[in-house]
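Whatever order the structure lists ligands and atoms in, that order sets their numbers, starting from 1. Side chains included, hydrogens not; waters and symmetry mates left out as well; all remaining heavy atoms used.
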Amino acid sequence: MSNQVANRIRILPDNLANQIAAGEVVERPASVIKELVENAIDAGATRIKIDVELGGRRLMRIADDGSGMTRDDAILAFERHATSKISSLDDLGAIETLGFRGEALASIASVAKVELITKIDDSLEATRVLVDGGKFIDVKDAARDRGTTISVRDLFFNTPARRKFMRSEATENYHLTSIVTHYALARPEIAFTLTNNGREVVNVAPARDLRERAFQIFGAGLLDSLIPVRGGREYVANVTGFISAPRERRTSRDSQYFFVNKRFVRDKTIAGGLLEGFRSVLPHGVYPVAFLFLEIPFDEIDVNVHPAKTEVRFRRGEAVKDVIAEAVRAALSQAGIESDHANGEQPFVVNVPIPSVRDNSSSETDQGQIKFENDISFEVPIASNDVEPDQIEESE
Ligand code: ADP
Ligand code: MG
């Protein structure tokens, strides 16, 4: 009798669950690049090569020389909640890897056509796995050196509604170049290349430190105005990195790069601390360039607050903000930059004896400049590049 009652709740099939998760994990091509670059870094890669076509809509291919995967792992990697990085909730409290949710590959493969080729040291053969819109197509032998190459084609081919949200090729390129630049700054020891429709956009050899990497990416012009930052408070945060002298002015925050325990984040607390530190030397609406790296005790932050992992939650946000503001103020004053800005006038710079940060070892990296489609300083007015979704359809 009760069998006749119409129960309505069901467990969603895995692939549908993956596509729903992809809504949060894969916002746009740059999110795919982010997840795959993070995986390459987590696999211990020393070289990461990224090729994209049509702003990532047609193709995104990422090749690394990291650990690679066994055949079984290469198949399992596409399952929902499949990860080698944590095995208990406690692990999350001391997470050293960038990934841990085990949903990136499953999400990406559910909304694109993916080819994975991977090889570990101990195996003669590489493995090639094809997954198409979440369906396993093929697993077979292949050839390559140790490491992993993932090709993601036709993003959102099976989710037309999401495809419409992709912006112009220039806009998507801007975002994915920004992601690669972030990780290139976070990991100076890793070589990165990014090509876009065959044209080289980023090409940086392994660098000794952040300063050399910043030179490789932004060139000598910006480097000359960088001021080192160093500060911290026990149990709260340590901060290191660089800020630009006040003469280097930006109209947006796009040239501010923040990292928490080497994870790239977009964060208002850090941005707020930076601005606070600059308050007396920069007028309202003008932003400095900054590369700020925070080291924060694991029990002081929660990294698991968003599927894309670009946000963190600080246990003591105000204290973190203060640490940054203090470190920035100290760096500016160390560099001889003072201001008399009390009346809200244009601030002025009394003395700017910024140590020259160029050195001989950097000269070999001349060829490693980023060539931005639009503007080297990342001041691309994103909105103006955007086209209406129907124009995107036409361009296909
Ligand atoms: P997560 O990174 O959160 O663990 P992913 O879905 O991104 O989840 O990846 C699943 C697993 O696949 C990883 O835990 C890792 O073991 C393996 N993997 C993914 N990409 C690579 C890679 N480039 N090199 C080696 N192993 C990889
Ligand atoms: Mg991952």
Taking only heavy atoms of Gly99 into account, list the atoms of ligand 1 that are under 4.0 Å away from them. 2 (O), 3 (O)
Does any N or O atom in Leu105 lie less than 3.5 angstrom from one in ligand 1, N or O only? yes
Do Asn39 and Lys85 have side-chain N/O donor and acceptor atoms under 3.5 Å apart? yes
If you measure from atom 20 (N) of ligand 1 to every heavy atom of Leu98, Asp73, Asn39, Thr148, which option wins on shortest distance? Asn39
Do Met166 and Pro29 have side chains that get closer than 4.5 Å, going by heavy atoms? yes
Do Asn304 and Ile95 have side chains that get closer than 4.5 Å, going by heavy atoms? no
Steps toward side-chain hydrogen bond (donor to acceptor under 3.5 Å, both in side chains) verdict (Asn15, Ser110): CA-CA 6 Å; Asn15 197 35; Ser110 74; 4.7 Å; no
Nearest-0.5 Å distance, CZ of residue Arg128 to CG of residue Leu116: 10.5 Å
If hydrogens are left out, which of Met69, Glu35, Glu38 has an atom nearest to atom 26 (N) of ligand 1, that is, the closest non-hydrogen atom? Met69
Taking the six-membered ring for Trp, are the ring centroids of Phe242 and Phe291 within less than 6.0 Å of each other? no
Taking only heavy atoms of Ala104, which atoms of ligand 1 are found under 4.0 Å from at least one of them? 6 (O), 7 (O)
Options Ala43, Ala82, Gly102, Ala77, ranked by nearest heavy atom to atom 3 (O) of ligand 1, top entry: Gly102
How far is atom 2 (O) of ligand 1 from its nearest protein heavy atom, and which residue and atom is that? Lys85 NZ, 2.7 Å
Numbered atoms of ligand 1 (with element) below 4.0 Å of Arg101, judged on heavy atoms: 3 (O)
Considering non-hydrogen atoms of the protein only, which is the closest contact for atom 14 (O) of ligand 1, and what is the distance? Ser84 N, 3.0 Å
Looking only at distances, can you tell me whether any N or O atom of Ser67, backbone or side chain, sits closer than 3.5 Å to an N or O atom of ligand 1? no
Between Glu276 and Arg279, is the salt bridge (charged side-chain N to carboxylate O under 4.0 Å, His left out) condition met? List the steps. CA-CA 5 Å; Glu276 179 63 29; Arg279 206 156 59 103; 3.3 Å; yes
Contact partition for Asp64 relative to ligand 1, non-hydrogen atoms under 4.0 Å: side chain
